[in-house]
Amino acid sequence: MAYLSRDLAQIKTDLQVRLDLDHAKVSDLDFAAVEPFFQELEFRTLIKTVERLTGKETSASSSAASAPKPGQQISMFVDEPQVIYAPKIDSNIIVNIVDTADKLTKIVKVLNTATVISFDTETTSTEEMRADIVGISLAIKEGEGYYIPIGHKAGNNLTLEEVLPALNAPLTNPKIGKIAHNAKYDYIVLAKHGLRVAPLTFDTMLAEFILDPSSHNLGLKNLAFVKLGEEMTHIEDLIGKGKKQISMADVAIESVAPYAIADAEIPLRLMALQVEELKRVNGTKLLEEIDLPLTPVLADMEMTGIPLDLPFFEETSKRLEKRMAEIEKQVFDSVGKPFNLNSTQQLSDILFNRLKLEPPDKGNKTASGHFSTSVGVLDLLRGKHPVVDMVLEHRELSKLKSTYVDALQAALNPNTGRVHTSYSQIGAVTGRLSSSNPNLQNIPIRTEEGRRLRNGFVAGKGNVLLSIDYSQIELRIVAHMAQDEGMLAAFRADEDIHATTAAAIYGVKSEAVTRNMRRHAKAINFGLIYGMSVFGLTRYTELTLAEAETFVKAYFQKFPGIKKYLDGIRKLAAQQGYVETLLGRRRYFPALQSKANVQLKNREEREAINAPIQGTAADIMKIAMLKIPPALKAAGLKGRMLLQVHDELVLECPKKEVKETARVVQDTMTNAYPLDIPLSTDARYGANWGETKSI
DNA sequence: CTCAGAAGCTCG
DNA sequence: GTACGAGCTTCTGAGC
């Protein structure tokens, strides 16, 4: 614990605060006896300082906005403080710059004799589909590496045309393992030029994510620091940051070479440690059989991209613009003065001061001291003043136009005529993928106007879009894990699970279930997945606390296995400090094993209930995605996966093959990972993503 | 002028 | 004081 006290000493110095360390533990620090002058200091400054010193995120019991009172007990939870003042060790790596054809030939000979090659690329962009190659670095053993300059503006460069064919043999040799940190990026950068690195045998970023998906420090530089005590050069040191940032192509080869080589050499050293760490948590299979092989699959999806109907988006943009201007004028006329409709603060002032509307929840002000103007609030104000409906409509249209209609047009890649999202395999702590630049996992569907945007996502010539989604996969996973007879039976009979639940908790026959009863049952089923409390249920239904209690009680009586399962998970999470998916993906809950405050513990308890459910669904989808391309190929089908939206896959396939493609994909998805109940899928297809023709 | 945080909204 | 998991846009105030 020596390092902890060092951290605390530093915190003390930094903040000039006297700390009561009597009860301090590694993961639980109590800050007590706060000096009066500390009131001046924003509490969030304290939090930030602790986070900076520990390199970890913290959660605090007190409201982050207010300063603590003198003598007030503040309990601050720090997620596993780490050694952060590691002595600086200069990396001592031999740098070989490969800038002649002769040197290249020699290096390739060496590479061909390697057992493992670690690789990294230097490029002009963080977006792989827009990145040009500036250089390639390679390492086959610790302490030495090679840098091949290609796109530097000054100095001796080799050309892509001579480098890539030369590297093809070693980088595709099935006997030579290939490793990298965040391999998908470099894989795409090279694959765009026809070099598909294979086989990928290790990825230090994915490995670390399996070891601790909650880690906020999965970057190579940080891992080198924490695990190896190596202080690496940061990219900002080479290209600067912010507005003054320059391109890697502008940096001298001699400056980039050691940096780039370290990016290839360090993963070799990290891998040696992580291989052992993975064994200790049984994470090797997860990496080798799911996350790592998924990388080239995702890379293919990203590189393929999805076409947009550009005229459709252009027209929609104009239409929305016109309508928004109309609404804006009406609002200003009605209010009697113009203001910025996009500003929640100005709107709040107009609604609650100028128009004297009554805030539905007077106590509920936002952190900036204004009354909230969120949809929930505005909905309750409907009918009180004509501007409310106008604002709501403007909000919706404004969101659609800026976030989707305009942003998607801008995201269209001029070279391919398609939109290429980027999937992150470390984006969600549960093991789900995330999508960004642009995010294609949150395209509107719930409102009519929003849903229309899906008509703008189309298939290539002669093709259709085919969308297949798992039906109720999370509840099926719950039924399987809980082994609840009632719920298993419902799924075996392929019943409408929410209706069945409604019949059970209301004690009526299934024919007698009303829409409202089903809606309540659905809320409970969802709440179940989210680890909700009875109180939580009242916030998402119009049920009173007493009614909610009655329903939940009835629910657990009808599904005793669920109750037992939930209690079991809570106990397990507290006992061992982590929970796992069916495939062994682990997520830690440090607060549950500390004396952290109740709110934090409750939160982690809900997360611990949700993690195995959401995470198992994610694992199963990943397995399906691994199996689909070879299954399609074996069936002689041309279909390609374009998008994944958690429980849905969108493929593009020739119109004539749509039925056969759907059959193969559905078959693969339902059998990806057999549970005690069958998984079920729904398929739709059409000329665009908005069409819903059944197979 | 730049940047980070808040507020709000989109999805499964 | 409460649902779980994400990413993007706009406004705003602080700091350069």
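Atom set for the values below is all heavy atoms of this structure, side chains included, hydrogens, waters and symmetry mates excluded. To find a chain, count down the sequence lines: A is the first, B the second, and so on, and within it residues start at 1.
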Could you state the CD-C1' distance from A:Q441 to B:dC9, rounded to the nearest angstrom?
-> 16 Å

With B for base contact, S for sugar-phosphate-only contact and - for none (protein heavy atoms under 4.0 Å), nucleotides 6-16 of chain C reads SBBSSSS----

Quick one: stems for DNA chain C, with Watson-Crick or G-U pairs under 3.5 Å, at least three in a row?
-> B:1-12 with C:4-15

Does a side-chain heavy-atom distance below 4.5 Å link A:I628 with A:L649?
-> yes

Whole-Å gap separating P (B:dT10) and CG (A:L320) | 13 Å

Say whether A:N525 and A:T501, considering side chains only, have a donor N or O and an acceptor N or O under 3.5 Å apart.
-> yes

Counting distance only, does the side-chain N/O of A:S436 pair as donor-acceptor with the main-chain N or O of A:N439 below 3.5 Å?
-> no

Measure the distance from CZ on A:F457 to P on B:dC11 and round it to the nearest whole Å.
-> 12 Å

For A:N610, all residues meeting side-chain hydrogen bond (donor to acceptor under 3.5 Å, both in side chains), sequence neighbours excluded | A:Q614

Please determine, by modelled atom types, if A:Q441 and A:S434 share a side-chain donor-acceptor pair under 3.5 angstrom.
-> no

Nearest non-hydrogen partners of A:S214 and A:Y588, listed with the distance = OG-O, 4.3 Å

Verify side chain to side chain contact (heavy atoms under 4.5 Å, CB included) between A:I562 and A:V478, making sure each step is shown before the conclusion.
-> CA-CA 8 Å; A:I562 302 290; A:V478 171; 3.6 Å; yes

